[in-house]
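Report on the following structure.
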Number of protein chains: 2
Amino acid sequence: MMSSDVKRVMLPIVGQPSPERADAARNRRALLAAAQTILTERGIDALSMDRVAARAGVGVGTVYRRFGDRAGLALALLDDTELRFQAAFLSGPPPLGPGAPPVARIRAFLHAYVDRLETEAELHAFADTKSPTARHRSGAYRTARAHLVALLSMADPTADVNYLADALLAALGAGLFLHQRQELGFDAARVKAGLDHLLIAVTEPRCGSGLTL
Amino acid sequence: MMSSDVKRVMLPIVGQPSPERADAARNRRALLAAAQTILTERGIDALSMDRVAARAGVGVGTVYRRFGDRAGLALALLDDTELRFQAAFLSGPPPLGPGAPPVARIRAFLHAYVDRLETEAELHAFADTKSPTARHRSGAYRTARAHLVALLSMADPTADVNYLADALLAALGAGLFLHQRQELGFDAARVKAGLDHLLIAVTEPRCGSGLTL
DNA sequence: GCTTGAATCGGAGCATCCTCCGGTTCCGAT
DNA sequence: ATCGGAACCGGAGGATGCTCCGATTCAAGC
């Protein structure tokens, strides 16, 4: 009864109270692998929850416990690049990371986001299909938004940076990007140039009256 | 037999080759009325195709023939206000209609759009849930876009107006608006002020170098 | 009226998203 | 080794979007 004290210290590493059971981790890996396979083999239209479950050899309920819903599965598939992206703009080398002037960092952020959309737009769009506000509630969106708010407030403390951050991110919507690439025939450079134009306009100090409406 | 000549003149009004069969028109009205009733009585979450069909006393197939899909039903419900809106900015009194300077017309357009979202945002969002690019393919979007492109090119012929029109409309997305109103606690005035800021920035002539990136 | 071709109707049926809950598996503690 | 409870598994099943096609209804021409 005295040795129990020692054993109870069985440290829970650091984060979650229960890290994850072995079978659960195995299933999660199998599900992500199955989803990736279906994605590359048959395209995003074939990426249904039932199919992913069948391909991974588990029940449908397991998919939903792991990922919550279809959007959660898509976000999990994007998790690797998302984490790398966040690391890059939070603590990577400039101009994306700290060290460059705010406007240059925002510009690097926008361009890097476009580069992500170039290969992941369909998956981003898929993640947004569940609800029209799903995108804005995701952790990825909140992080990006907070980053832009911080940089914008350095660049122009007089502006409504909370509004502007959402406006810039709206211009980076996956649906809009697909429309620009497929319907309008824009290339990535044109999208980036448009974003540059927006960014300059928004962060450049007013010169005229500023109230010429 | 000679009266047949008179009968054959049964003019098809003007537009469609076959105006619409009587039963079809009756069903369309019944379906729209049923949808409107469900919408006001039980909210948008209860607006399913099956329920609309049952409420109108017709089969589900009829709903799909009339409206194509869920987005089509939503657009049909918005058709009245959409037509009024288009009439207002295409041929109504200034500043929304012709007669005012381009930037003032754009500003009036943005404000009027916000006013629509104030009462119709959920329906707009519902119409967008089918596909991420559904919004951009709709006739309403194309009309609004063309209008903005025309006005923007008058205000600033040197800009990429095709990009800017979409960027402004992205800031008017229903999902973003709901997020701003519900999650962020913005009121309509703040959204309009943010749009004004964007508009001024985008249309105001450059004063600095213009390439300070 | 009646005929007749064509447009429309309607609901069975399929695919998908998601929920629910009884049975099973894991893993720390003894 | 084993035990017990917490966590997990899985598939039946409800709800919904959408499709398909035989039965029905409309309306133009006689």
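Every chain is numbered from 1 and lettered A, B, ... according to where its sequence line falls, protein lines coming before strand lines. The structure displayed is predicted, hence computed values, not measured ones. Every heavy atom of this structure was used, including side-chain atoms; hydrogens, water molecules and symmetry mates were not.
Using cut-offs of 30° and 60° for the angle between ring planes, the A:Y113 and A:F109 rings count as tilted.
Atom-to-atom, CG of B:L47 to P of D:dA15 comes out at 17 Å; the value is rounded to the nearest Å. One can place CZ of B:R28 at 17 Å from P of C:dA7, the figure rounded to the nearest angstrom. Summarising the geometry, the separation between CZ on A:R29 and P on D:dC8 is reported as 14 Å, rounded to the nearest angstrom. Between A:D45 atom CG and C:dA15 atom P the separation is 16 Å, expressed in whole Å. For the pair B:R42 CZ and D:dT16 P, the interatomic distance rounds to 10 Å; values are reported in whole Å. Whole-Å rounding puts the B:I44 CD1 to D:dT16 P distance at 14 Å. B:K130 places its NZ atom 19 Å from the P atom of D:dT16, with the value rounded to the nearest Å. Nucleotide C:dC17 holds its C1' atom 10 Å from the CZ atom of A:F126, rounded to whole Å.
Listed by chain and residue number, nothing satisfies the side-chain hydrogen bond (donor to acceptor under 3.5 Å, both in side chains) test with B:T143 (two or more places apart in sequence, or in another chain). Remark: B:E82 engages B:R116 in a salt bridge (Lys or Arg N to Asp or Glu O under 4.0 Å) (not counting sequence neighbours). Contacts of B:R42 classified as salt bridge (Lys or Arg N to Asp or Glu O under 4.0 Å), with partners at least two apart in sequence or in another chain: none. Judged as a side-chain contact (heavy atoms from CB on, under 4.5 Å), and not counting sequence neighbours, the contacts of B:A56 are B:A30, B:L31, B:A34, B:V58. With sequence neighbours left out, B:D166 forms a salt bridge (Lys or Arg N to Asp or Glu O under 4.0 Å) with B:R145.
Nearest-nucleotide positions on DNA chain D for B:M49 and B:R26 put B:M49 closer to the 5' end.
Applying the side chain to side chain donor-acceptor pair (under 3.5 Å) definition to pairs two or more places apart or across chains, those involving residues 65-75 of chain A are A:D69-A:K130. For residues 181-190 of chain A, every residue pair satisfying the side chain to side chain donor-acceptor pair (under 3.5 Å) rule, not counting sequence neighbours, is listed here: A:E118-A:R181, A:R190-B:D160.
One finds no side-chain N or O of B:N27 lying less than 4.0 angstrom from the OP1 or OP2 phosphate oxygen of C:dT8. Side-chain N/O atoms of B:R51 include one lying less than 4.0 angstrom from OP1 or OP2 on D:dT16.
Contacts of residues 54-69 of chain A with DNA chain D (heavy atom under 4.0 Å): A:V58, A:G59, A:V60, A:G61, A:T62, A:R65, A:R66. Taken residue by residue, residues 132-140 of chain B places no heavy atom nearer than 4.0 Å to DNA chain D.
Proximity of a side-chain donor or acceptor of A:R105 to a complementary backbone N or O of A:A100 within less than 3.5 Å is not detected.
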